Undergrad: 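Mind looking over this structure? Questions follow.
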Amino acid sequence: MEIPKTYEPQKAEEKWYAHWMNRGYFHSEPDKREAYTVVIPPPNVTGVLHMGHMLNNTIQDVLVRRARMLGKNACWVPGTDHASIATEAKVVQKLRQEGIKKSDLSRDEFLKHAFEWKEKHGGIILEQLKKLGASCDWERTNFTMDPEYSESVINVFIDLYKKGKIYRGVRMVNWDPEALTALSDEEVLHKEVNSKLFYVRYKVAGSDDQWLTIATTRPETILGDSAICINPNDDRFKHLHGKQAIVPISNRTVPIILDEYVDMEFGTGCLKVTPAHDTNDYELGKKHNLETIDIFNDNGTLNSLGLHYEGKDRFEVRKLIEKELYDKGYLVKTEDHINKVGFSERTNAVIEPKLSLQWFVDMKEISQPALENVMNGNIAFHPDKFKNTYKHWMENIKDWCISRQLWWGHRIPAWYYGSDSNDYVVCKTIEEAIELASAKAGREISAVELKQDEDVLDTWFSSWLWPISVFNGLTDPENEEIKYYYPTNDLVTAPEIMFFWVARMIIAGYEYMGELPFRNVYYTGIVRDKLGRKMSKSLGNSPDPIELIEKYGADGVRVGILISSPAGNDLPFDSSQCEQGRNFTNKVWNAYRLVSAWEVREMGQPRSAQVAIEWFDSKFNAALIEINDLFDKFRISEALMAIYKLVWDDFCSWYLEMVKPGFEQPIDAKTLEATKSFFEKLLKVMHPFTPFVAEELWHLIRTREKGDDIIVSQWPLAQTVDKKVLNDFAKAEEVITNIRNIRKQHSIANKVKIDLYVKKNRDLDQTFDAVILKMGNLSQLEYVTDNVGNANTFLVDGNEYFIPFGDSIDIEAERQKLQQELDYTKGFLVSVQKKLQNEKFVAGAPEQVVALEKKKESDALEKIAILEDKLSGLS
RNA sequence: GGGAGAUUAGCUCAGCUGGUUUAGAGCACCUGCCUUACAAGCAGGGGGUCGGGGGUUCGAACCCCUCAUCUCCCA
């Protein structure tokens with residue numbers, strides 16, 4: 001059968017993925033083997049695969065496939081996240097297109113739409129992961145709103161409440177006026193924007209014409225001012241102590257207070273205090289007992305306290321009020337100003353600090369073990385520089401606002417029965433609520449009187465339980481699976497969600513399992529485009545991963561995305577890398593084509609093949625040891641590069657060329673067998689990176705029993721490395737390269753056989769002479785004692801090599817070449833001798849270092865003598 | 001404003017406890033080859049005063065100081 005000249009990935013990918021699924025290789029059940037567990041960072045249920053997912057999941061698959069081959073019981077749990085804000089926003093938008101307003105729907109009606117949307121779009125991303133080759137245990141697919149999962153979330157809320165770690169309170173929160181919900185600090189992105197600094201003057205109360213001037217970026221909030229604050233040490237304003245000021249437009253009289261918080265350098269040194277609309281002002285307000293005047297509606301328009309601006313949007317009011325202040329003579333001047341403004345991560349709306357009644361988790365105490373166990377290395381970060389960032393955050397951890405004014409998510413299990421802010425109970429069911437509320441109120445409370453909290457929990461309040469809840473560790477703590485699979489082994493994720501997710505999973509792990517959730521965290525970088533921009537939908541600079549897979553094959557894309565992606569470094573992605581990956585799969589394919597064409601005949605094994613096998617055996621083992629070590633250090637892309645070079649350079653370019661019989665010549669059985677067995681080992685180490693082509697070739701290279709699949713084969717065991725063989729071969733390689741060079745310089749075709757003479761000045765191992773003969777296409781290799789005249793020469797390890805060419809030799813070129821080498825060697829000698837002449841070096845440096853320098857010196861001297869001798873012989 | 005990290009070839013990165021390094025790899029580039037596995041290939045080659053300056057040391061890409069530039073995180 002004719003084997004195609006290029007590898008065709010599509011068919012192989014479909015065939016083998018289906019085969020793996022049918023054989024149940026991805027499925028894991030607890031057994032006696034050591035468990036290796038990875039939980040997927042659950043993508044948004046309605047999301048689609050982007051390059052970040054590709055990177056992240058390829059790394060996970062590489063780790064999982066290798067663990068499986070190491071004989072571990074590998075379990076990779078997939079699933080999706082309900083992503084409350086993102087999903088709800090999408091559903092709202094879709095309904096709007098259909099002419100339905102969310103506010104016209106009841107909660108249940110809305111949730112029905114949301115679930116329909118989830119059924120329709122949910123899980124697309126998981127299907128896409130299959131195309132990539134992800135070997136997830138699909139029977140274990142989880143969703144953060146699955147009934148049992150939801151139960152854990154609610155249980156944890158109740159438990160933390162009972163422990164006094166969850167409280168309800170009025171706090172300054174980040175308000176998203178578009179999504180109409182509170183956000184956690186982590187969901188707010190701060191960006192620099194060009195804005196204006198407005199200088200506005202306030203009249204000092206009781207004076208005729210005494211003014212003070214404040215500077216603000218938000219003049220519209222003047223209507224909510226409750227004080228003016230100055231630094232008590234500011235000599236400029238001593239005369240204002242104890243006075244009051246009149247707020248422009250609203251004409252309210254507010255106190256002038258003193259606090260060292262005010263930066264005397266910034267603006268005018270006078271600060272307007274608006275406790276309802278600025279976090280720092282809120283703190284000031286609390287300290288000085290100021291009135292809190294909230295002038296905004298939830299959607300960012302002004303309310304009745306905004307006077308004649310009622311109903312207008314905050315940004316519109318900013319423009320209008322500027323004019324009014326100017327017209328009335330309050331606006332002193334404006335300046336251009338760059339400041340940082342918070343934006344909603346989801347809706348990109350400008351965040352409004354807003355006072356509201358929300359639920360919080362008290363983080364101080366429960367986060368302690370999470371900090372300790374990362375700092376002491378029980379949980380390892382790769383790269384570990386992220387420990388610093390983590391430490392900084394954990395040491396300054398703030399309480400976590402967990403309530404969201406949304407419907408899509410886990411509804412807060414709190415039940416209200418009265419008008420007092422304390423008239424509520426926290427429990428799972430309305431039946432319990434009736435009981436608890438009655439007890440608390442001291443009277444019979446009926447179901448009708450009870451109203452469940454309208455809010456849902458922050459999505460991360462469910463994802464932080466992910467490594468536990470996918471094994472039902474909270475609802476069924478004694479079950480076999482949680483005991484077997486938890487703690488999981490490695491987590492692969494992006495540093496952006498270190499606080500959102502990683503830190504909180506660690507916290508939940510210690511709080512609920514008394515143990516770490518995973519041992520290693522591998523942080524990937526951000527995938528960027530060629531220009532260094534983050535890949536994003538809005539920029540349209542992100543290639544569609546599925547199209548890439550169709551074009552380059554899944555293996556090609558996997559290689560392309562990993563080839564230059566060290567942990568924690570951003571990955572500037574360019575599709576040419578996938579081309580490199582595809583070329584690699586094609587190279588291996590063609591190596592197979594070559595080997596498959598060889599026919600065995602009973603014959604002796606050529607010497608060149610025999611030594612080639614000896615060499616590659618050591619070479620492979622040396623590389624395997626390195627590859628294992630790189631894996632242990634989570635240096636995944638370096639491991640891939642080591643494999644790439646082992647396969648392409650060592651196996652294809654050297655080994656196969658050495659054992660390859662002449663055109664249409666047969667091969668001996670021993671060499672073919674050794675070659676096939678090397679090939680199999682190479683396919684095994686390739687398999688985690690390029691699973692499809694590896695499986696395909698595994699089955700082509702030999703007929704296999706049922707169940708003999710590479711995915712479940714045993715990872716090669718590293719055997720002994722003969723360093724002498726490697727060393728001797730390196731010298732033979734150098735000789736061959738020199739021969740090729742001379743051929744090229746003199747345009748001698750590869751087909752033309754040439755002679756090589758060797759003058760032995762030193763011990764010379766002749767093991768690889770047969771290889772030199774073959775690879776150099778020599779007619780003979782002869783050892784001589786005298787110089788050979790009229791020849792090209794080169795030096796390897798102190799021995800002289802001659803290739804005579806009769807008349808064709810270009811003496812001048814040869815002289816130049818020798819002179820160049822001589823100059824370099826002399827320069828080198830000088831640098832070595834400088835060291836050796838330095839008495840302090842000889843006295844101070846370790847013996848070995850000095851001995852090495854001496855060896856370098858003698859080698860250089862010897863080389864110089866030979867080169868000079870040759871040069872003089874040329875004239 | 002606070003914190004972390006980075007700066008090595010055109011690009012992306014290695015270089016681990018300072019000494020086998022007048023610095024390595026892959027890609028890109030240049031030259032020659034359609035050599036009968038692969039032109040998605042083969043063979044060969046060029047390219048870096050290790051961001052600038054100062055210091056410690058017998059010895060610095062590596063340690064210290066300083067300046068510059070960039071990235072990320074937090075407020």
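Order of the sequence lines sets the chain letters (A, B, ...), proteins ahead of strands, with each chain counted from 1. The basis for the numbers below is simple: all heavy atoms, side chains too, and nothing from hydrogens, waters or symmetry mates. None of the values given here were measured: they were computed from a predicted structure.
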Undergrad: At under 4.0 Å, does any side-chain N or O of A/Y644 touch on OP1 or OP2 of B/C27?
TA: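 So the side chain of A/Y644 is within the cut-off, an N or O lying under 4.0 Å from OP1 or OP2 of B/C27.
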
Undergrad: Once you apply the 3.5 Å cut-off to both distances, tell me the Watson-Crick or G-U wobble partner of B/G18, or none.
TA: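 Matched B/G18 with nothing under the 3.5 Å cut-off.
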
Undergrad: Would you classify A/W598 as touching base, sugar-phosphate or nothing, given that sugar-phosphate means primed atoms plus P, OP1 and OP2, and contacts are heavy atoms under 4.0 Å?
TA: nothing

Undergrad: Closest nucleotide of RNA chain B for A/L829 versus for A/K633: which of these residues is on the 5' side?
TA: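 Comparing both residues, the 5'-ward one is A/K633.
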
Undergrad: Has A/Y824 got its ring stacked on the base of B/U22, with centres under 5.5 Å and planes less than 30° apart?
TA: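 The ring of A/Y824 is stacked on B/U22.
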
Undergrad: OP1 or OP2 of B/G41 versus the side-chain N and O atoms of A/K5: is any pair under 4.0 Å?
TA: no

Undergrad: Hunt down the Watson-Crick or G-U wobble partner of B/U49, both distances under 3.5 Å, from any strand shown, or write none.
TA: none

Undergrad: To the side chain of A/Q580, which of B/C27, B/C73, B/U35 is closest?
TA: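 My answer, after comparing the listed nucleotides, is B/C27.
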
Undergrad: Under 4.0 Å, heavy atoms only, any strand: does A/K660 hit a base, just the sugar-phosphate, or nothing?
TA: base

Undergrad: Looking at A/N741, I'd like to know whether one of its side-chain N or O atoms comes within less than 4.0 Å of OP1 or OP2 on B/G45.
TA: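 For B/G45, OP1 or OP2 has a side-chain N or O of A/N741 closer than 4.0 Å.
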
Undergrad: Which base, if any, makes a Watson-Crick or G-U wobble pair with B/C13, both distances under 3.5 Å?
TA: B/G24

Undergrad: Go through the steps for A/K11 and A/E696 under the test salt bridge (charged side-chain N to carboxylate O under 4.0 Å, His left out), then give the verdict.
TA: CA-CA 10 Å; A/K11 264 195 212 159; A/E696 175 79 358; over 6 Å; no

Undergrad: Across the strands shown, which category fits A/R635 at heavy-atom distances under 4.0 angstrom: base, sugar-phosphate, nothing?
TA: sugar-phosphate

Undergrad: May I ask you to evaluate whether A/T737 reaches the phosphate of B/G44, defined as a side-chain N or O under 4.0 Å from OP1 or OP2?
TA: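 For B/G44, OP1 or OP2 has a side-chain N or O of A/T737 closer than 4.0 Å.
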
Undergrad: Spell out yes or no: do the side chain of A/K587 and the base of B/C38 have one donor N/O and one acceptor N/O closer than 3.5 Å?
TA: yes

Undergrad: With a 3.5 Å cut-off and no angle check, do the side chains of A/Q819 and A/D823 form a donor-acceptor pair?
TA: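 Judged by distance alone, the side chains do pair up.
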
Undergrad: Strictly distance-based, threshold 3.5 Å: is any side-chain N or O of A/E13 a donor or acceptor partner for the main-chain N or O of A/A554?
TA: yes

Undergrad: Could you please name the option among B/C42, B/G2, B/U35 that lies closest to any side-chain atom of A/N750?
TA: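 Of all the options, the side chain of A/N750 is nearest to B/U35.
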
Undergrad: Give one of base, sugar-phosphate or nothing for A/K387, where a contact means two heavy atoms less than 4.0 Å apart.
TA: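 No contact at all - A/K387 keeps every heavy atom at 4.0 Å or more from the nucleic acid.
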
Undergrad: Starting at the 5' end of RNA chain B, which residue's closest nucleotide do you reach first, A/V595 or A/K840?
TA: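 Going by which nucleotide is closer to the 5' end, it is A/V595.
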
Undergrad: Does the structure show a Watson-Crick or G-U wobble partner for B/U57, both distances under 3.5 Å? Name it, or say none.
TA: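 Check on B/U57: unpaired, no WC or wobble geometry under 3.5 Å.
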
Undergrad: Which nucleotide, if any, forms a Watson-Crick or G-U wobble pair with B/G5, using both distances under 3.5 Å?
TA: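 Base-paired to B/C70.
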
Undergrad: Would you indicate what A/Q577 reaches in the nucleic acid, counting non-hydrogen atoms under 4.0 angstrom: base, sugar-phosphate, or nothing?
TA: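 A/Q577: no heavy atom of the nucleic acid under 4.0 Å.
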
Undergrad: Tell me which nucleotide, if any, is Watson-Crick or G-U wobble paired with B/C30 when both distances must be under 3.5 Å.
TA: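 With both distances under 3.5 Å, B/C30 matches B/G44.
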
Undergrad: Looking only at N and O atoms, is any donor in the side chain of A/E657 or the base of B/A37 less than 3.5 Å from an acceptor on the other one?
TA: yes

Undergrad: By the 4.0 Å heavy-atom rule, please label A/T279 as base, sugar-phosphate, or nothing.
TA: nothing

Undergrad: Spell out yes or no: do the side chain of A/R740 and the base of B/A43 have one donor N/O and one acceptor N/O closer than 3.5 Å?
TA: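 By the distance-only test, no, there is no pair.
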
Undergrad: Is there a donor N/O on one and an acceptor N/O on the other, under 3.5 Å, for the side chain of A/K744 and the base of B/U31?
TA: yes

Undergrad: Using a heavy-atom cut-off of 4.0 Å across all strands, would you classify A/S831 as base, sugar-phosphate, or nothing?
TA: nothing

Undergrad: Do any side-chain nitrogens or oxygens of A/N388 fall under 4.0 Å of OP1 or OP2 in B/G5?
TA: yes

